[in-house]
There are 2 protein chains.
Amino acid sequence: MPGPKAADQGREVRGRLLRVAAELIAERGWSAVSTRMLAERAGVTPGLVHYHFSSVHALLTEAAIGTMRSLVEGLGPLLERAGTAEEALDLMLAALDEHDGRDPLSLLFAETYLAAARDETLRRSLAEVVTAFRDRLAARLAAQGVAAPDQTAAVVAAAIDGLMLHRAFTPGLTAPAVAPILRRLLDGRVLT
Amino acid sequence: MPGPKAADQGREVRGRLLRVAAELIAERGWSAVSTRMLAERAGVTPGLVHYHFSSVHALLTEAAIGTMRSLVEGLGPLLERAGTAEEALDLMLAALDEHDGRDPLSLLFAETYLAAARDETLRRSLAEVVTAFRDRLAARLAAQGVAAPDQTAAVVAAAIDGLMLHRAFTPGLTAPAVAPILRRLLDGRVLT
DNA sequence: AAACGCCTTGGACGATCGCCCAGGGCGTAC
DNA sequence: GTACGCCCTGGGCGATCGTCCAAGGCGTTT
């Protein structure tokens with residue numbers, strides 16, 4: 001058996017590297033994150049990075065997907081609790097208001113989207129995470145009688161991400177300003 | 001007077017570097033474009049890059065903004081010619097259909113958005129270009145009686161960009177699929 | 001012809017890159 | 001105790017990075 005003490009510390013360091021990686025992707029950009037940056041901020045030696053991960057790219061991928069997955073999964077139950085479709089939309093608008101397009105989380109999302117366009121594996125994982133969220137939202141919209149719930153959910157999700165991207169250089173794009181517009185997306189009702 | 005022959009060739013090389021830069025931003029990503037890459041593809045020596053531009057970053061900025069500006073300005077007249085607001089939206093949907101989120105133009109836009117989040121100067125220039133387009137679209141929507149034309153235009157523009165980003169890993173997100181949903185955004189009419 | 005202006009070359013500078021590996025520390029299993 | 005397994009260090013590999021600069025080509029102006 002492996003020594004449990006050392007193994008625990010190893011897992012701790014691995015986790016720290018993942019957290020640091022998510023930070024640095026946002027700060028410097030995906031392809032500008034280096035082995036030595038990661039090691040320095042995590043308080044370890046550069047060599048240790050390649051002990052825990054097969055490559056820097058693999059570390060970044062696991063960090064980005066992991067962070068996004070846990071965040072999206074945390075949003076799920078909140079979505080379930082939303083009574084009306086409008087409340088579900090308000091939930092996403094609240095998320096929009098917490099970010100200005102230049103904060104770590106917004107940038108992590110955007111960087112990962114972009115990196116996925118150039119990496120097959122990352123693209124698959126990302127699709128999995130986003131699809132899971134979209135399906136949850138679509139189910140919520142369907143229960144509220146919104147027509148074409150799948151496509152509506154896809155457009156709402158894309159619109160929120162697009163607004164996040166645009167907010168970085170358009171400060172006026174706040175949640176209260178766009179809420180009335182986005183609400184129109186829910187207007188295709190089957191039932192009143 | 002400067003020798004006009006050499007000056008002409010200089011301008012030609014400068015322009016070629018700008019075109020190559022726009023290509024490489026899309027292919028490799030903003031921060032992964034190097035002096036030597038640019039020089040090789042443009043068929044010149046690495047040293048020449050820093051003769052025509054103060055830095056690689058300055059070259060990338062000028063290339064990205066220039067490409068985006070000329071593209072957006074080319075879209076302006078087409079927008080002017082659109083009769084109804086729905087036709088204006090169809091025009092943007094057609095643009096969406098030409099790109100799949102992994103083509104050079106989509107990636108150039110996304111890369112520039114992201115780079116702008118970390119660079120004040122780029123952010124200002126980008127805001128100028130995007131605002132110009134948004135204003136044109138808003139004017140078109142206002143003429144068609146759409147309520148809150150400014151915010152509507154902002155949301156439509158952001159939604160199109162967001163859809164482009166999502167299309168990279170969600171192939172089903174085609175223009176025909178999302179057109180009926182996006183059309184709801186124009187439903188806030190003052191006049192019939 | 002000589003001087004000037006602009007474009008261009010090719011090489012050099014120190015810094016940083018991803019990745020690899022020999023070796024040491026240390027707790028557990030024989 | 002000895003051997004084993006895992007974590008970790010520190011240094012080294014060749015490659016690439018952005019930027020700079022001395023030197024030369026070449027058409028235009030005196």
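Quick note on labels: first sequence line is chain A, next is B, and so on, each numbered from 1. Since this is a predicted model, take the numbers as computed values, not measurements.
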> Classify the nucleic acid contact of B/Val13 as base, sugar-phosphate or nothing, counting any heavy atom under 4.0 Å across all strands shown.
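Here B/Val13 touches the backbone only, sparing every base.
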
> With a 4.0 Å cut-off on N to O distance, would you call B/Glu12 and B/Arg16 a salt bridge?
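Yes, this pair counts.
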
> Mind calculating the distance between CZ (A/Arg28) and P (C/dT16) to the nearest angstrom?
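To the nearest whole Å, that distance equals 11 Å.
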
> Does B/Arg124 come within less than 4.0 Å of B/Glu128, counting only side-chain N to carboxylate O?
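No, B/Arg124 and B/Glu128 are not salt-bridged.
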
> Nearest-Å distance, CG (B/Leu24) to C1' (D/dG18)?
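Rounding to the nearest Å, CG of B/Leu24 and C1' of D/dG18 are 16 Å apart.
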
> Please state whether the phosphate of D/dC17, meaning OP1 or OP2, lies under 4.0 angstrom from any side-chain nitrogen or oxygen of B/Ser34.
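Yes, such a contact exists.
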
> Rounded off to whole Å, could you give me the CZ-to-P distance for the B/Arg36 and C/dT16 pair?
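Spelled out: CZ on B/Arg36 to P on C/dT16 is 16 Å.
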
> Give the nucleotide from the list D/dC8, D/dG18, C/dT9 with an atom nearest to the side chain of B/Val44.
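When the side chain of B/Val44 is considered, C/dT9 is the closest of D/dC8, D/dG18, C/dT9.
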
> Of the nucleotides C/dG18, C/dT8, D/dC17, which one has an atom closest to the side chain of B/Leu48?
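Out of C/dG18, C/dT8, D/dC17, the nucleotide with an atom closest to B/Leu48's side chain is C/dT8.
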
> Where is the tightest heavy-atom contact between A/Ala127 and B/Phe169, given as atom of each residue plus distance?
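A/Ala127 and B/Phe169 have their closest heavy atoms at CB-O, 3.6 Å.
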
> Whole-Å distance between C/dG18 C1' and A/His52 NE2?
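Interatomic distance, NE2 of A/His52 to C1' of C/dG18: 17 Å.
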
> Atom CD of A/Glu40 and atom C1' of D/dT9: how far apart are they, to the nearest Å?
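Atom-to-atom, A/Glu40 to D/dT9, this comes out as 16 Å.
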
> For A/Phe53 and C/dC20, what is the distance between atoms CZ and P respectively, to the nearest whole Å?
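Rounding to the nearest Å, CZ of A/Phe53 and P of C/dC20 are 15 Å apart.
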
> Nearest heavy atom decides the nucleotide; on that basis, is A/Ala32 or A/Ser54 closer to the 5' end of DNA chain C?
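Here A/Ala32 is the residue nearer the 5' end.
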
> Any chance the side chains of B/Ser106 and B/Arg167 put a donor and an acceptor closer than 3.5 Å?
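Result is no, nothing qualifies.
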
> Between atom NE2 in A/His50 and atom C1' in C/dA22, what is the gap in whole Å?
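Answer to the nearest Å: 17 Å.
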
> Over how many whole Å does the gap from B/Tyr51 atom OH to D/dC21 atom P extend?
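Distance check: B/Tyr51 OH to D/dC21 P gives 15 Å.
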
> First locate atom CD1 of A/Ile25, then atom CG of A/Leu59, and finally report the distance between them rounded to the nearest 0.5 Å.
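Taking CD1 in A/Ile25 and CG in A/Leu59, the distance rounds to 7.5 Å.
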
> I want to confirm an ordering. Mapping B/Ser55 and A/Gly43 to their closest nucleotides on DNA chain D, which one lands closer to the 5' end?
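Here A/Gly43 is the residue nearer the 5' end.
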
> How is A/Thr45 classified with respect to the nucleic acid when contacts are heavy atoms under 4.0 Å: base, sugar-phosphate, or nothing?
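Counting heavy atoms under 4.0 Å across all strands, the contact made by A/Thr45 includes a base.
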
